[in-house]
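For reference, the structure discussed in these notes is given below.
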Amino acid sequence: MSNDKTVKKSRLKLFLPLAFFLTFCILLYVGLFLEDKKELPSALLNDPVPEFSLPKLKQPNEIVTQETLKGQVYLLNVWGSWCPACKVEHPYLVKLAKRGVRIIGLSYKDEDADALRWLQRLEDPYTFNIVDKDGRLGVDLGVYGAPETFLVDKKGIIRYKHVGIVDQRVWVEVLKPKYGQLQKEVL
Amino acid sequence: MNPELGLFALILATCLALLQSVVPLVGSYTGRLRWMNAGRSLATGQFIFTLLSFSCLVYAFLADDFTVKYVASNSNSLLPAIYKVTATWGGHEGSLLLWILTLTGWGQVVAMRSGKLPPELSARVLSVLGMVSVGFLLFILLTSNPFERLLPFPPQDGADLNPLLQDLGMIVHPPMLYMGYVGFAVAFAFAIAALMGGQLDSAWARWARPWTTVAWAFLTAGIALGSWWAYYELGWGGWWFWDPVENASLMPWLAGTALMHSLAVTEKRGLFKSWTLLLAIATFSLSLFGTFLVRSGVLTSVHAFASDPMRGLFVLGYLMLVVGASLTLFAFKAPEIRSKITFNLLSRETLLLVNNVLLITSCATVLLGTMFPLLVDALDLGMVSVGPPYFNMLFVPMALMLAFALGIGIMLNWKKGTVSWLVQQLRWVFVVSALGGLAFGFMYGDSFVISEALGIGMVFWIVLVILKDIYNKTRNANGLFAGLKKLKPSYYGMQLAHFGLAVTFVGAAMSGGYSEQKDLRMNPGDIAELGEYAFRFDGVEQEHGPNYMANAGTLTVFKNQEKVATLHPEKRVYAVQGMPMTEAGIDAGLTRDLYVALGEPLGDDAWAVRLHIKPFVRFLWLGAIFMALGGLLAVSDKRYRVRLKKKAANKAAVAKGKARKGKTAVAGGRA
């Protein structure tokens, strides 16, 4: 009798891998349809940039707050020298900056020295960089990973978020039309 | 016409795959030999039609047929011919076709060599392989047709191949990787067939082992190539980024390594049977999961070029079907193949179990790190990203523990050992390794780095244990040479692969701990010192490539006033995509790489230049080569061949032999 029970128990154990796998699949399924994770969750869309007070990368004495940034349309680009995809994205940002697009960088979970070396080695497309060393602002912004780019309007309201690399296609098809429209808005 | 031919061939291959997944299987349950044997010709047919289809796609690339959408978006008339061929697998559709070609290729080899297996087993193995390929063929036909036309208005020229992929490493990397990924499908098919038959003996393990080992060797080579490519092509001097797609290939490798060791126990001792089966399923599932990661865009990564949720959904459904069904089968059938042998706590079995636990834990660690952002996001706990520190913190200690267990495992005998004997055997090896590691840590470089000292200590440990073991095994023979001759290729293969691991450890520890780097602004004629080298910047010149413009720099490197190398780092801009690319200038040496990358022009002929000295970085890939060769050497062992030949002879007599003996001998040689 007791023997029977142990056999049953060990049989049940054999279903563990299956159970684990099915849970895993649910996760993947949810991940696949996570409310278009390339865009900002609708709850956060059209919210103002969260409050923060952080130093600039090149001028560590200057403190930037969400108020400092108001007045102009800009792209807030989250990057880190540790992120290979940012490296791929970088040249296109340089191109955009040369065309006069205002890009503000968020140096995300990075060592300042590494970030500075990166900017010195490659070109610096950023009007300036905000240092978010512990990723606190990143959490408030709902940053999923780097690179990510937020489009912020003149009133400091986030109007769009792009996860992943901004390249020619993303810019021309998605960001540029919105950017142009926001430029025309009056304060 | 050509693309339509390709598509038609692909559809025919799908039909054959469907038949292959049903007919031999039904035959194996009803005892119809002819149905079972049909699997082989179906596998061959499937392979030939897939090959034809693939050739059509290659031809479309070579002929610049921009009416084909896939060609138009991945090639350009200016692209050098060799890259036109490799552009075939430069995008999603084509790499999927390559995946299928590899799978049917493996199926073909299995069919050729299956004459020696019991007919039921070979029929079921081929059926399972057929099912696997049906899924992928449907995937490509329904969601990712590479032969789709852009008619009636084809573009004048193509959008060009991603410049990152216009490179030698990238030509060989995907086929190698796929050989590995898909090779595990064979091990998986063997496992499923064993579960269906409810039978698993050491003969089964002897059949399944070479396939697993060969697949593993290819995967090892493929991962090493990928890492090498990232090293020189991304221009960072790094060799592993813990990128989700890199992890996708590392996980099956870790599981596959565990499987290889567990199979050894199953063959030699008839133990760990259901565990081996589970590992075979897990390894292939992780290969499929890797495909899912890359193709679905569930995680963002450098490699995820095109992603599409519909495709992701298809792969996920497929994954659920294949893995879910296998695990269900496993849950019901595994009790039939329980092993009833016991072993001593201190024995090679235990150490191999430790090996498996460590490998599977590292695999789980990587899986968790890769999926964690998604998990947290899905549970709505906010958003998090996991960086390299997480992986390094957990992975490195486990690798060190694995190396330590490896030494003991090699030394111990099967069944049982005694502590006193083990201590007697290994105490000096241990002392020398510990002293060696410490001495190294203090003497090399400027400061003592604990992880590097441990790493080098483990290198001593592995190498010395291998030597000690060879000594133990040869000392009773008449002379060293006679003793060495007696040892089997599988033994040498094992030791070579383990030695390879030690070599890779050297590369990881040395390049990780003692690399030197400098970023500076250099004018022509400037000299910069780094380590014991002096780098002279000789300026930058414009050069024209076939489809790019390049700023090619020249640096001359001196050591003790003597010229040791001339380096040519380049900055390329590819015409069609306007994408800048860094080509590092590398002077490769066994003990150090001199690595130079060109940054941006800073005006007045001055450039930003990055100099690296990477000690022993080549050892990383050299070790991987040893590991892969070790795997191939182990497979060449006679014991996989002799018995098979005997079986082949019996089998040929029974099945009215279709002159398969000749083929067996040939294929056997390849084992």
Side-chain angles (χ1 to χ4, degrees), chain A residues 7 10-22 24-34 36-38 41 80-92 94-95 108-109 117-118 120-124 135 138-148 163-165 167-168, chain B residues 164 230 234-236 238 241 243 274 278 281-282 285 289 292 296-302 304 309 312-313 316 319-320 323-324 326-328 330-335 338 367 371 373-375 377-379 382-389 519 521 577-580 582 597 599-600 608-610:
Chain A
V7 167
S10 71
R11 281 217 153 200
L12 272 182
K13 229 172 28 190
L14 293 173
F15 283 89
L16 275 178
L18 183 64
F20 171 76
F21 171 73
L22 290 178
F24 189 68
C25 279
I26 296 173
L27 173 65
L28 289 180
Y29 183 81
V30 174
L32 211 49
F33 287 95
L34 265 188
D36 226 341
K37 59 188 187 322
K38 303 237 167 208
S81 65
W82 44 266
C83 136
C86 301
K87 170 113 180 169
V88 176
E89 179 187 47
H90 191 86
Y92 196 72
V94 173
K95 226 181 234 179
Y108 180 59
K109 291 187 182 174
R117 200 177 310 135
W118 160 296
Q120 181 203 340
R121 189 172 72 227
L122 308 167
E123 240 169 306
D124 184 357
V139 170
D140 290 344
L141 280 167
V143 169
Y144 177 81
E148 276 185 23
V163 176
I165 296 168
D167 54 13
Q168 172 119 11
Chain B
L164 276 172
L234 293 180
W236 284 49
F241 298 102
D243 178 276
S274 39
L278 189 59
I281 296 174
S285 310
F289 172 66
F292 173 78
S296 65
V298 129
L299 295 167
T300 38
S301 139
V302 207
L313 195 62
L316 182 60
L319 198 66
M320 283 191 67
V323 185
S326 334
L327 289 176
T328 312
F330 173 81
F332 282 108
K333 292 286 230 173
R338 274 290 164 86
L367 182 65
M371 299 308 293
L374 185 62
L375 178 74
D377 194 5
L379 295 178
M383 308 205 187
V384 186
S385 58
V386 178
D519 292 280
R521 172 199 175 100
Q577 301 196 341
M579 190 164 158
T582 309
E600 296 297 316
V609 179
R610 189 153 31 113

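As the structure is a computational prediction, the values presented were derived from the model and not from experiment. A, B, ... follow the sequence lines: proteins, then strands. Residue 1 opens every chain.
- Using a 4.5 Å cut-off between heavy atoms, B:Phe332 contacts chain A through both its backbone and its side chain.
- B:Leu278 CG to A:Leu16 CG: the interatomic distance, rounded to the nearest 0.5 Å, is 10.0 Å.
- When heavy atoms are compared at a cutoff of 4.5 Å, B:Ala331 approaches chain A by way of both its backbone and its side chain.
- In plain terms, the two heavy atoms of A:Gln120 and B:Ala608 that are nearest each other are O-CB, 4.3 Å.
- Taking the salt bridge (Lys or Arg N to Asp or Glu O under 4.0 Å) definition, one finds that A:Glu123 meets it with A:Lys98, sequence neighbours left out.
- When heavy atoms are compared at a cutoff of 4.5 Å, B:Ile281 does not approach chain A at all.
- In this structure, B:Leu316 and A:Cys25 approach most closely via the heavy-atom pair CD2-O, 4.2 Å.
- Atom CZ of A:Arg121 sits about 9.0 Å away from atom OG1 of B:Thr582, to the nearest 0.5 Å.
- Neither the backbone nor the side chain of A:Tyr92 comes within contact range of chain B, judged by heavy atoms closer than 4.5 Å.
- The two residues A:Phe21 and B:Gly324 make their nearest non-hydrogen contact at CE2-N, 3.6 Å.
- Under the salt bridge (Lys or Arg N to Asp or Glu O under 4.0 Å) criterion, A:Asp167 pairs with no residue, sequence neighbours left out.
- The shortest heavy-atom contact between B:Ala334 and A:Leu14 is CB-CD1, 3.8 Å.
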